[in-house]
2 protein chains.
Amino acid sequence: MSQHRHPGAPGRAGAVPALPDLPEATVARLPEYLRALHNLADTGHETVSSEGLAGAAGVNSAKLRKDLSHLGSYGTRGVGYDVSLLIDQIEYVLGLTQRRAVALVGVGNLGHALAGYDGFASRGFRIAALFDADAGRVGEEINGLIVRHIDELARVAVEEAIAIGVIATPAPAAQAVADQLVAVGVTSILNFAPCVLSVPEGVDVRKVDLAIELQILSFHEHRKASLTALPATGGSALTALPGGLAVTEPQEAIGT
Amino acid sequence: MSQHRHPGAPGRAGAVPALPDLPEATVARLPEYLRALHNLADTGHETVSSEGLAGAAGVNSAKLRKDLSHLGSYGTRGVGYDVSLLIDQIEYVLGLTQRRAVALVGVGNLGHALAGYDGFASRGFRIAALFDADAGRVGEEINGLIVRHIDELARVAVEEAIAIGVIATPAPAAQAVADQLVAVGVTSILNFAPCVLSVPEGVDVRKVDLAIELQILSFHEHRKASLTALPATGGSALTALPGGLAVTEPQEAIGT
DNA sequence: TAGATTGTTAATCGATTAACAATC
DNA sequence: TAGATTGTTAATCGATTAACAATC
């Protein structure tokens, strides 16, 4: 892309601009770059090279440059990237220039913790409402918010302009909750319940399953054990073995 | 693969068998298949087709068959898969035939919830120890476990044969905790702190960042908004627009 | 045998990476 | 100008998918 023209930059005139078409893998990494950039800004850095930012974000620099090039990019050859310019750019693309309202459904064990999680507020979101189906929990105050009955979802969703629904109910309740969220116009759902949700086209679902993460780690433990236990090898054959799943330095390791 | 020979099946004679070399994407889906299979078993199904299991797991059947073929597979042409045989097979590959001990470090807001999360126990793991660096929290009982000071990690890790470490501390403390876990021989880490960990080769790290999940959803919200707001289109252009990121039915939607 | 369904093939697609020309 | 670093190219790799031969 020649010069600094690019689709959907901040400072758009008039109509909402179309966003650049970003590869899904790139979208998933942008928040990580953003976090690293905020750290850099907080420690007084005004400029950073692709090498430096990539290191802070745990990826290699080729991948970082490729990702940023999709945004139209704001680097200066021979110099690097302007930290605060890049922050603005990524925040714009991710839609973080507005603070989105989140509704959390299910205030059991996990939901309780999510309701109090600082990381949401500090990274662009506002927990605007808590819901539960259990009448015994309705009325409870968590972190300054009153738990409401799920039947109030429709009214509150409009009042609070809910943009994202978080499901933290037991699995058997999750699909019904998803249906209710969709019915009131929510088109983005983060699902912590260990089950598959079926939703109409145009609704995005992301899933976080804590046990699945452990099971994936368990596979790698199992594999490492089966390698070290190879006949007539004994102890720490790990690094010596060919094709070992030995993981290279900064994270990203097994396909995060 | 002809007949039922395959690498690393249960019932291995003598030495620990090498595990099949599984694509990382396949490994990440096996737990989802396992969950679906348990549901099927609980509802009295003895057999399931690739079509049926794929539907229950939210993937297409070609992908499912391809994934299972990597295990050496246990289907019967014209019939389908034996549910309990496949459960055993997947549990074996994932290393779930032993109940792995998990140490949780950081019993703040999120750590507290994780310590009480049922899903770990029910899917093959045992939370064996809780740690915190804050002396004020040491001694507290959570879900039948006493919170210990992080300095006791080395002793307890050996006593309890800790296989997996879960980090639920604030970001600034996470790297030091990871170093301590590695020092006592832990080679699998699940990191909830929003930061990159650097670990030696042979140590696997997976990361769960709740705010990042919301930020990815925010991107998609932003994009949908930029589509519907296209000049002279007005309302719900979503389904009508070419190349829309409209998401097809059962989940998996945006690269889970 | 006829019908059903697996396991595999091969084509396609998207993501990663190293290398380097462009350019500050 | 010389040195540094970006943005892009092109090669490679891994994952997905449809189609179908094998086979129960």
Side-chain angles (χ1 to χ4, degrees), chain A residues 1-6 20-30 32-33 45-55 57-83 85-86 89 243 245 248 250-256, chain B residues 1-7 20-30 32-33 45-55 57-83 85-86 89 243 245 248 250 252-256:
Chain A
M1 188 159 293
S2 60
Q3 299 300 89
H4 270 176
R5 232 208 82 262
H6 76 112
D21 228 327
L22 259 36
E24 197 54 45
T26 297
V27 173
R29 282 188 294 264
L30 289 180
E32 198 67 59
Y33 302 154
H45 296 75
E46 296 191 346
T47 266
V48 66
S49 69
S50 63
E51 197 67 47
L53 182 53
V59 303
N60 71 45
S61 65
K63 192 185 281 181
L64 175 95
R65 287 199 300 277
K66 182 75 164 174
D67 283 339
L68 294 186
S69 76
H70 289 116
L71 307 185
S73 200
Y74 281 83
T76 304
R77 290 164 134 110
V79 178
Y81 300 90
D82 181 288
V83 171
L85 184 63
L86 199 48
Q89 185 52 211
L245 45 62
T248 32
Q251 215 155 32
E252 57 147 0
I254 33 182
T256 288
Chain B
M1 186 160 291
S2 60
Q3 297 302 88
H4 271 177
R5 231 208 84 262
H6 75 115
D21 227 326
L22 258 37
E24 196 55 44
T26 297
V27 173
R29 283 188 294 264
L30 289 180
E32 198 68 58
Y33 302 155
H45 296 75
E46 296 190 345
T47 265
V48 66
S49 67
S50 63
E51 197 67 47
L53 181 53
V59 302
N60 72 45
S61 64
K63 192 185 283 181
L64 175 95
R65 288 199 300 279
K66 183 74 164 174
D67 283 338
L68 294 186
S69 76
H70 288 116
L71 307 184
S73 198
Y74 281 83
T76 306
R77 290 163 132 109
V79 178
Y81 299 90
D82 181 288
V83 170
L85 184 63
L86 199 48
Q89 185 53 211
L245 45 61
T248 32
E252 56 147 0
I254 32 182
T256 288

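Because the structure is predicted, anything quoted here is derived from the model rather than measured. Lettering of chains follows the sequences in order, A, B, ..., and the numbering in each one begins at 1.
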Report the residues that fulfil salt bridge (Lys or Arg N to Asp or Glu O under 4.0 Å) with B/Arg29, sequence neighbours left out, ordered by chain and then residue number.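 Salt bridge (Lys or Arg N to Asp or Glu O under 4.0 Å) check on B/Arg29 returns B/Asp67.
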Reading DNA chain D 5' to 3', what string of ( ), [ ], | and . shows its pairs, if Watson-Crick and G-U wobble pairs count only when both distances fall under 3.5 Å? ..||||||||||||||||||||||
Working to the nearest 0.5 angstrom, can you tell me the gap between [X] [atom1] and [Y] [atom2]?
X       : Y       : atom1 : atom2 : result
A/Leu71 : A/Leu86 : CG    : CG    : 7.5 Å
A/Arg65 : A/Leu53 : CZ    : CG    : 11.5 Å
B/Asp82 : B/His45 : CG    : NE2   : 13.5 Å

I want to confirm an ordering. Mapping B/Lys66 and B/Glu51 to their closest nucleotides on DNA chain C, which one lands closer to the 5' end?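 Result: B/Glu51.
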Taking for each residue the nucleotide of DNA chain C with the nearest heavy atom, is it A/Pro23 or A/Ala62 whose nucleotide lies nearer the 5' end? A/Pro23
Nearest-Å distance, [atom1] ([X]) to [atom2] ([N])?
X       : N      : atom1 : atom2 : result
B/His70 : D/dT16 : NE2   : P     : 10 Å
B/Lys63 : C/dG7  : NZ    : C1'   : 18 Å
B/Leu64 : D/dA19 : CG    : P     : 18 Å

Of all residues at least two apart in sequence or in a different chain, which pass the side chain to side chain contact (heavy atoms under 4.5 Å, CB included) check with B/Ala54?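 For B/Ala54, the residues satisfying side chain to side chain contact (heavy atoms under 4.5 Å, CB included) (neighbours in sequence not counted) are B/Val59, B/Ser61, B/Leu64.
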Sorted by chain and residue number, the side chain to side chain contact (heavy atoms under 4.5 Å, CB included) partners of B/Thr47 (sequence neighbours excluded) come out as B/Val79
What N/O pairs connect the protein and nucleotides 3-5 of chain D at under 3.5 Å? Give each pair on its own line.
unit_1 : atom_1 : unit_2  : atom_2 : d
D/dT5  : O4'    : A/Gly78 : N      : 3.1
D/dT5  : O2     : A/Gly78 : N      : 3.4

Can you figure out which of D/dG7, C/dG7, C/dT16 approaches the side chain of A/Ser69 most closely?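 Looking only at heavy atoms from C-beta outward on A/Ser69, the closest nucleotide is D/dG7.
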How would you label the contact of A/Ala25 with the nucleic acid (heavy atoms, under 4.0 Å): base, sugar-phosphate, or nothing? sugar-phosphate
B/Ser49: which residues meet the side chain to side chain donor-acceptor pair (under 3.5 Å) condition with it, sequence neighbours left out? none
